[in-house]
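Chain naming here is simple, since letters A, B, ... match the order of the sequence lines and numbering starts at 1 in each. Basis for what follows: all heavy atoms, side chains included, without hydrogens, waters or symmetry-related copies.
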There are 2 protein chains.
Amino acid sequence: MAELNSPPSDLSRPGPDSTVDAFEGEARAYFAEGAQMLGLPKSLGEIYAVVFLSPQPLCMEDIIRKLHISLGTASQGLRQLRRLQAVRVLSVPGDRRDYYEAETELRRLIGHFLAEVVAPQLQSGSSHLDAMRARLPEANVVARSHYRRRLAKLEQWNRAGTRLIPRIAKWIRI
Amino acid sequence: MAELNSPPSDLSRPGPDSTVDAFEGEARAYFAEGAQMLGLPKSLGEIYAVVFLSPQPLCMEDIIRKLHISLGTASQGLRQLRRLQAVRVLSVPGDRRDYYEAETELRRLIGHFLAEVVAPQLQSGSSHLDAMRARLPEANVVARSHYRRRLAKLEQWNRAGTRLIPRIAKWIRI
DNA sequence: TTGCAGTTTCAAAAAAAAATGAAATGAGAC
DNA sequence: GTCTCATTTCATTTTTTTTTGAAACTGCAA
């Protein structure tokens with residue numbers, strides 16, 4: 001209840017508020033878990049949570065202050081979020097800081113994730129499959145046809161994935 | 001070329017063969033990367049690769065010998081693969097060891113992954129959202145409606161995911 | 001320019017995740 | 001039932017990932 005009308009050091013930002021903190025804490029946990037399921041660092045999810053919830057765009061310093069993380073973590077986390085286009089960068093004239101706001105369209109978030117994370121994975125997979133085909137064991141006829149069948153199955157998976165990816169982004173409605 | 005006709009210690013298994021090794025090495029890399037993209041341990045992918053490629057079912061000892069991993073890693077990896085129903089257990093009468101063969105139907109692999117990994121995540125997410133709704137900041141009217149809008153968006157995502165999951169498994173063709 | 005706030009980088013530290021292997025457990029051959 | 005060997009468990013070690021923060025860099029305001 002301390003500073004309802006007395007901002008802490010910056011004019012326009014609200015001070016500590018226990019209901020906001022509890023609410024934000026849940027949101028951070030929500031996104032942290034989501035990030036981890038996608039194989040991304042927990043801190044990435046937390047940074048996104050803070051930007052997602054904020055009514056105004058935030059600068060890096062705001063994020064550091066809210067999450068008590070280091071400069072390095074914030075900088076690298078924001079870099080990744082930018083790469084995934086999960087945040088947009090805004091420039092304020094007369095202020096050299098970068099401000100961030102969240103991309104909140106699930107359709108776009110998924111589209112960028114597919115393009116930045118899944119597609120490269122499929123491409124790398126495809127290289128492994130090419131290498132496998134070049135090294136098909138010569139062994140005996142029975143074994144060879146077994147390996148060939150397995151490889152064919154993997155190639156089928158990879159092709160299916162490659163064809164599907166561009167379509168999924170379009171199918172998403174929300 | 002050493003032991004083309006002289007199995008190493010077990011009658012029915014082929015000995016070292018450099019073309020098989022190179023082929024399998026690529027397959028292990030393929031599945032290791034795939035596992036990591038799904039947030040699963042690399043060793044899980046490698047174990048699956050070995051079982052997936054093997055013409056015969058393998059026992060744990062076979063896997064340990066092929067991958068040079070410890071008993072504990074093999075046991076825990078197989079436990080997870082069983083949980084995901086990515087491998088099936090076979091019993092051979094008169095042999096107390098368990099033998100494993102791979103589930104190779106992508107449709108089923110995806111279905112089990114959705115059920116065992118994604119669905120619980122959505123459920124947990126849903127709890128966080130409930131907690132958020134119970135803690136909606138009371139602040140001023142403008143802020144409150146902003147938070148409410150954000151929360152509604154997350155709830156919409158979660159519902160979409162929950163509705164989608166059972167359908168995806170059916171849509172998969174391969 | 002020049003100075004400096006804002007940002008990035010990166011070597012080192014900390015934390016988290018995974019692997020190890022010996023001891024405990026347990027299933028099934030005998 | 002007993003004994004053996006396959007498997008599980010789990011405290012410890014190793015490896016990998018993430019975080020930290022100080023130094024280098026950048027580009028804008030003055």
Side-chain angles (χ1 to χ4, degrees), chain A residues 9-10 13 28-29 31-51 57-84 87-101 117, chain B residues 9-10 13 28-29 31-51 57-84 87-101 117:
Chain A
S9 65
D10 177 324
R13 295 177 199 293
R28 288 173 199 172
F31 283 110
E33 283 181 21
Q36 290 205 296
M37 195 190 58
L38 299 174
L40 304 169
K42 203 177 69 155
S43 65
L44 203 77
E46 292 177 328
I47 294 171
Y48 181 77
V50 163
V51 179
L58 299 177
C59 67
M60 205 165 86
E61 173 58 22
D62 295 327
I63 294 164
I64 290 170
R65 182 158 14 81
K66 278 177 171 265
L67 290 172
H68 309 294
I69 57 177
S70 74
L71 207 63
T73 299
S75 172
Q76 304 213 135
L78 285 169
R79 187 229 295 260
Q80 284 205 67
L81 289 173
R82 262 169 358 227
R83 184 178 60 84
L84 292 168
V87 298
R88 268 186 295 275
V89 186
L90 306 176
S91 290
V92 174
D95 183 341
R96 69 174 58 163
R97 285 172 290 187
D98 287 332
Y99 285 83
Y100 296 93
E101 72 178 9
V117 178
Chain B
S9 66
D10 176 323
R13 294 178 201 295
R28 287 174 199 172
F31 283 110
E33 283 181 21
Q36 290 204 296
M37 195 191 56
L38 299 174
L40 303 169
K42 202 178 69 156
S43 65
L44 203 77
E46 292 177 327
I47 294 171
Y48 181 78
V50 163
V51 180
L58 299 177
C59 69
M60 205 167 85
E61 173 59 22
D62 295 328
I63 293 163
I64 290 169
R65 182 158 15 81
K66 280 178 171 266
L67 290 172
H68 309 295
I69 57 177
S70 75
L71 206 62
T73 299
S75 172
Q76 304 216 133
L78 285 169
R79 188 230 295 260
Q80 284 205 67
L81 288 173
R82 265 172 352 231
R83 183 178 61 85
L84 292 169
V87 298
R88 269 184 294 276
V89 186
L90 306 177
S91 290
V92 173
D95 183 341
R96 69 175 55 164
R97 285 171 290 187
D98 287 333
Y99 285 83
Y100 296 92
E101 71 178 8
V117 179

Discussion item. So that I can tick it off, tell me whether B:Arg88 and B:Glu101 are bridged by a salt bridge, with the cut-off set at under 4.0 angstrom between side-chain N and carboxylate O.
Written reply: yes
Between [X] and [Y], what is the shortest heavy-atom contact and its length?
X: A:Ile47; Y: A:Gly77; answer: CD1-CA, 4.0 Å
X: B:Ala35; Y: B:Pro41; answer: CB-O, 3.7 Å
X: B:Ser43; Y: B:Thr73; answer: OG-CG2, 3.9 Å
X: B:Phe31; Y: B:Ala49; answer: CD1-CB, 3.4 Å

Worksheet item: Base, sugar-phosphate alone, or nothing: which one does A:Ile69 contact when heavy atoms must sit under 4.0 Å apart?
Response: sugar-phosphate
Would you call [X] and [Y] a side-chain contact if the rule is heavy atoms closer than 4.5 Å?
X: B:Asp98; Y: B:Val92; answer: no
X: A:Leu71; Y: A:Met60; answer: yes
X: A:Tyr100; Y: A:Leu90; answer: no

Item to complete: On DNA chain D, check which nucleotide each of A:Gly39 and B:Gln76 is closest to and give me the residue with the more 5' one.
Response: B:Gln76
Worksheet, complete the sentence: Whole-Å distance, A:His68 NE2 to D:dG21 C1', equals 17 Å
Worksheet item: Which whole-number value in Å describes the distance from B:Leu40 CG to D:dT17 P?
Response: 15 Å
Worksheet entry | Heavy-atom donor-acceptor pair, A:Asp62 side chain to A:Cys59 backbone, under 3.5 Å | yes
Fill in: Close residues, residues 41-51 of chain B, relative to DNA chain C [heavy-atom separation under 4.0 Å]
B:Pro41, B:Ser43
Worksheet item: Can you pull the contact range of chain B along DNA chain C, 5' to 3', using atoms under 4.0 angstrom from its heavy atoms?
Response: C:dA18 to C:dA29
Any N/O pairs under 3.5 Å between the protein and nucleotides 4-7 of chain D? List them or say none.
from	atom 1	to	atom 2	distance (Å)
D:dT4	O2	B:Arg96	NH1	2.3
D:dT4	O2	B:Arg96	NH2	3.1
D:dC5	O4'	B:Arg96	NH1	2.8
D:dC5	O2	B:Arg96	NH1	3.0
D:dT7	OP1	B:Asp98	N	2.6

Worksheet entry | Value rounded to 0.5 Å, distance of CD in B:Glu46 from CD1 in B:Ile69 | 8.0 Å
